[in-house]
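Ligands are counted one by one from 1 in listed order, and the atoms in each one are counted from 1 as well. Every value quoted in this text rests on a predicted model; they were computed, and no experiment measured them. Scope of the values below: all heavy atoms of this structure, side chains included, with no hydrogens, waters or symmetry mates.
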Amino acid sequence: RAMKEGGNKIFFFDKSMGQYAKEKFSMVHDLRSALEHQQLQVFLQTQVSSADHVIGAEALVRWNHPVRGMVSPEKFIPVAEETGLIVDLDRWVLQQAVRLIQDADAQGKRLRVSVNISPPHFADATFSDHVCHTVHAAGIDPTLLVLEVTEGLMLHDIDVVIEKMKKVGDTGVKFSLDDFGSGYSSLSYLKRLPIHEVKIDKSFVLDAPTDSNDALIIDMIYSIGNVLRIDVVAEGVETDDHAQYLKKYKGLIRQGYFFGRPQPMADWLRDNLHRI
Ligand code: C2E
Ligand code: MG
Ligand code: MG
Ligand code: MG
């Protein structure tokens with residue numbers, strides 16, 4: 001296309017591509033050093049039961065960059081995924097989560113923590129062994145750890161995916177299917193995967209009070225969750241309207257700005273641990 005447009009357009013095209021590659025390169029470099037120099041932080045977001053009890057939190061990584069400020073995971077997770085750095089990054093977050101569960105336990109609290117596992121990390125040959133080893137070495141109750149995976153896993157052989165999940169699941173660690181409905185959703189995956197929980201993608205929740213199609217999709221995922229006897233979580237519960245709308249779903253777990261924004265770990269513990 002650049003060729004057809006001719007002339008100096010090629011120059012601009014090349015320059016912008018070069019610029020993009022440079023930025024990505026510098027981000028990967030910075031991200032690697034961020035991992036080594038403790039510039040990454042775990043934030044926690046509350047998950048609330050249908051009876052309004054705090055049942056746990058999702059760990060969400062933040063990058064506190066000395067020049068760029070707080071960088072959103074939407075920006076750097078894709079880069080980390082493309083370069084393989086995501087394995088170390090996810091493992092670091094997992095380690096923080098496990099320590100958090102230990103610390104809460106020392107204070108007599110059973111804190112449930114959800115951690116996001118990126119598809120290339122799950123695909124890593126050592127994934128299952130590493131999780132099993134981490135949980136065993138920490139001596140935590142494995143049922144307090146939830147691993148959030150996405151439909152992106154399904155690009156791989158589903159039998160291999162199931163086998164890996166079973167190996168981890170045998171220890172007691174739970175799996176949750178995140179962002180359900182946003183990707184390559186297939187109901188057969190929901191049925192076949194050894195998961196304990198499904199999270200309704202926030203795009204449906206955000207529009208449910210006004211969009212009858214989104215409302216129907218929530219009805220459907222909720223019903224399937226009940227049939228399969230797995231927990232259902234609604235994410236993106238932003239406003240009082242959303243919270244009111246979801247009241248009709250018995251047993252639904254809820255997460256979103258309405259119940260609390262993601263907060264630095266220490267702040268979250270101070271405000272919430274006594275409620276558990
Ligand atoms: P996710 O796992 O689906 O996490 C939920 C995202 O929705 C979070 O964005 C959260 O801050 C945001 N959110 C929570 N409540 C609301 C709400 O009421 N309204 C709206 N509009 N958004 C809400 P965040 O923290 O920016 O993370 C974005 C994504 O980055 C996550 O989506 C997850 O896929 C990924 N991510 C975050 N931390 C990690 C990590 O440690 N490892 C991996 N592999 N991915 C991570
Ligand atoms: Mg998640
Ligand atoms: Mg999600
Ligand atoms: Mg996600």
Roughly how far apart are Leu206 CG and Asp241 CG, rounded to 0.5 Å?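 Going from the CG atom of Leu206 to the CG atom of Asp241 covers 12.0 Å.
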
So, taking the atom named CD1 in Ile200 and the one named CD1 in Ile217, what distance separates them when rounded to the nearest 0.5 Å?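 Answer for the CD1-CD1 pair, Ile200 versus Ile217, is 10.0 Å.
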
N/O to N/O below 3.5 Å, does that happen between Phe258 and ligand 1?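 N/O-N/O distance below 3.5 Å does not exist for this pair.
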
Has Gln255 got any heavy atom lying under 4.0 angstrom from an atom of ligand 1?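 The answer is no, since Gln255 has no heavy atom less than 4.0 Å from ligand 1.
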
contact_flag Glu81 ligand 1 heavy-atom lt 4.0 Å: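 Not so, Glu81 does not reach ligand 1.
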
Of the listed options [options], closest to [atom] (non-hydrogen atoms):
atom	options	result
atom 11 (O) of ligand 1	Ser114, Pro262, Ser203	Pro262
atom 45 (N) of ligand 1	Ile77, Leu60, Val61	Ile77
atom 18 (O) of ligand 1	Tyr257, Phe43, Phe259	Tyr257
atom 28 (C) of ligand 1	Glu238, Glu74, Gln45	Glu74
atom 30 (O) of ligand 1	Pro73, Ala59, Ala234	Pro73

Take a 6.0 Å sphere around NE2 of His274 and say whether it holds more than 12 heavy atoms from other residues, nucleotides or ligands.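 It does: His274 NE2 has more than 12 such atoms within range.
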
With a sphere of 6.0 Å drawn around CD of Glu163, does it hold more than 12 non-hydrogen atoms of other residues, nucleotides or ligands?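 Not buried by this count: 12 neighbours or fewer within 6.0 Å.
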
With under 30° as parallel and over 60° as perpendicular, where do the rings of Phe76 and Trp63 fit, or are they tilted in between?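 Correct class here is perpendicular.
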
Can you name the N, O or S atom of [X] that is closest to the Mg ion (ligand 2)?
X	value
Glu58	OE2
Glu148	OE1
Asp178	OD2

One residue to check: [X]. Relative to ligand 1, which of side chain, backbone, both or neither has a non-hydrogen atom less than 4.0 Å away?
X	result
Asp90	side chain
Val237	backbone
His121	neither
Ser118	both
Thr150	neither

Quick test of your reading of the model: are Asp157 and Lys164 salt-bridged, counting only N-O distances below 4.0 Å?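 Not counted as a salt bridge, because no side-chain N and carboxylate O are separated by less than 4.0 Å.
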
Please determine whether side-chain contact (heavy atoms from CB on, under 4.5 Å) holds for the pair Lys166 and Ile162, giving the CA-CA distance in whole Å, both sets of side-chain angles, and the decisive distance to 0.1 Å. CA-CA 6 Å; Lys166 281 196 172 141; Ile162 291 172; 4.0 Å; yes

Does the side chain of Ser114 come under 3.5 Å of the side chain of Glu58 through a donor N or O and an acceptor N or O?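 No, because no side-chain N or O of Ser114 sits under 3.5 Å from a partner of the opposite role on Glu58.
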
Please check if any side-chain donor atom of His242 sits under 3.5 Å from a side-chain acceptor atom of Thr239, or the reverse.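 Yes, because at least one side-chain N or O of His242 sits under 3.5 Å from a partner of the opposite role on Thr239.
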
Check ligand 1 against Gly256 and write out every atom of the ligand that is under 4.0 Å from a heavy-atom position of the residue.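 That gives atoms 15 (N), 18 (O) of ligand 1.
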
Which of the atoms in ligand 1, numbered in the order shown and given with their element, are less than 4.0 Å from a heavy-atom of Val93?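 Result: 41 (O).
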
Atom name, Asp179 (N, O or S, nearest to the Mg ion (ligand 3)):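 Nearest N/O/S atom of Asp179: OD1.
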
Whether His133 side chain and His130 backbone form a donor-acceptor pair below 3.5 Å: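 Not confirmed, His133 side chain does not pair with His130 backbone.
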
Using side-chain contact (heavy atoms from CB on, under 4.5 Å) as the criterion, point out the one residue from Leu144, Asp105, Leu269 that pairs with Leu111.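 Answer to the side-chain contact (heavy atoms from CB on, under 4.5 Å) test with Leu111 among Leu144, Asp105, Leu269: Leu269.
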
With a 4.5 Å cut-off on side-chain heavy atoms, are Ile117 and Phe175 touching?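 No - every pair of side-chain heavy atoms lies 4.5 Å or more apart.
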
Using a distance threshold of 2.8 Å, state whether an N, O or S atom of Asn116 lies below it from the Mg ion (ligand 2).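 Yes, within the cut-off.
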
